[in-house]
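We count ligands from 1, going down the list as the structure has it; atoms in each ligand are counted the same way. All heavy atoms count here, side chains included; hydrogens, waters and symmetry mates do not. We count residues from 1, following the sequence as given.
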Amino acid sequence: MSEEKPCDVECAICFSIYNNIFRAPKVLDCGHTFCLECLARMNMKSYVAEAIQCPMCRQLTLVPTDGLPRLSNDPTVLSCLPEAMQRICSIGFSRAKGRLFVKKGPNSQRKKRKRRVKPLFVSTVSESLDVGQPAQSDSHRQQDEGCWRVSNNKWCSIVTIIIILMTVGLLISSILAFTIL
Ligand SMILES: [Zn+2]
Ligand SMILES: [Zn+2]
């Protein structure tokens, strides 16, 4: 009874070991699996909240209407985790707040009382996790960036002109020196 099956329990993005909380192994439509935290971070960075693009094959997976954590868990990865971690906690995701959080519904409390499996890592993980700010597409930010870019460009062009002038001057002087010699 020493069957060792190759278990890939690391998220390919963050190289963290999957767990039953924020790093739950979530499988996309294309069959690639990543941890919930990475998918949430990707969703925060994306302008499209309704779909997640697989970083491996670029296939789009629609985000379930009742939230990102409702994506199905990868059963293969789950079977590789310690038994205590095979029950995925009920996680909520608020894109507006950029936060993953552990849901504490009456349902989960009842379950906990019935079967007291000590959840691993729960004590070391906080009950909510910031995953970044939503991607903004408002004009205000673009304006700010635009202003900065203009002023930056001005300095860039001045420096470029000085460098060009110096190079030309050096060239001319070296040509003169050659012709005189
Ligand atoms: Zn990850
Ligand atoms: Zn994929």
Side-chain angles (χ1 to χ4, degrees), residues 2-138 141-142 145:
S2 60
E3 51 173 272
E4 293 250 339
K5 50 182 177 177
C7 272
D8 194 10
V9 291
E10 268 184 16
C11 168
I13 300 176
C14 61
F15 302 117
S16 299
I17 307 281
Y18 292 116
N19 63 23
N20 58 341
I21 315 167
F22 301 128
R23 294 201 198 280
K26 296 290 177 186
V27 61
L28 299 178
D29 286 354
C30 55
H32 288 123
T33 301
F34 305 99
C35 74
L36 176 62
E37 186 184 329
C38 285
L39 293 177
R41 286 185 197 280
M42 272 160 48
N43 189 243
M44 295 303 294
K45 292 273 188 293
S46 167
Y47 290 105
V48 186
E50 296 78 27
I52 282 192
Q53 192 175 39
C54 173
M56 296 278 203
C57 65
R58 294 174 183 261
Q59 189 181 315
L60 287 175
T61 300
L62 284 178
V63 173
T65 45
D66 44 356
L68 191 66
R70 302 291 292 181
L71 281 168
S72 42
N73 301 304
D74 188 328
T76 322
V77 175
L78 273 187
S79 67
C80 294
L81 293 179
E83 204 194 324
M85 278 214 278
Q86 292 186 7
R87 284 180 62 90
I88 301 289
C89 292
S90 183
I91 306 289
F93 172 55
S94 161
R95 194 175 191 267
K97 291 180 186 164
R99 183 163 293 180
L100 284 168
F101 53 93
V102 177
K103 278 186 188 171
K104 278 198 256 178
N107 201 23
S108 62
Q109 273 178 353
R110 196 185 57 212
K111 273 180 197 161
K112 219 182 268 176
R113 211 182 304 146
K114 196 159 52 174
R115 191 170 162 230
R116 243 188 126 73
V117 177
K118 194 186 167 218
L120 289 181
F121 295 137
V122 161
S123 54
T124 59
V125 175
S126 65
E127 287 183 344
S128 73
L129 179 79
D130 288 328
V131 287
Q133 293 297 310
Q136 290 174 346
S137 58
D138 54 327
R141 203 186 66 159
Q142 280 172 349
E145 277 180 5

Engineer: Could you tell me whether the side chain of Cys11 reaches within less than 4.5 Å of the side chain of Arg23, counting heavy atoms only?
Structural biologist: no
Engineer: Report yes if the side chains of Asp74 and Tyr18 come closer than 4.5 Å at any heavy-atom pair, otherwise no.
Structural biologist: no
Engineer: Number of protein N/O/S atoms less than 2.8 Å from the Zn ion (ligand 1)?
Structural biologist: 4
Engineer: ND1 (His32) to the Zn ion (ligand 2) to SG (Cys57): angle, nearest 10 degrees?
Structural biologist: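 Between ND1 of His32 and SG of Cys57, the angle at the Zn ion (ligand 2) is about 120°.
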Engineer: Just how far is it from atom CZ of Arg99 to atom OG of Ser94, taken to the nearest 0.5 Å?
Structural biologist: 8.0 Å
Engineer: Do Leu39 and Val63 touch side chain to side chain, with heavy atoms closer than 4.5 Å?
Structural biologist: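 No; the side chains remain at least 4.5 Å from each other.
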Engineer: Quick one: does any side-chain atom of Gln86 pair with a main-chain N or O of Leu81 as donor and acceptor, under 3.5 Å?
Structural biologist: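 Side chain of Gln86 to backbone of Leu81, a donor-acceptor pair under 3.5 Å: yes, one is there.
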Engineer: Does the side chain of Ile13 reach to within under 4.5 Å of the side chain of Cys35, using non-hydrogen atoms?
Structural biologist: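 When only atoms from C-beta onward are counted, Cys35 and Ile13 do not touch, as no gap falls below 4.5 Å.
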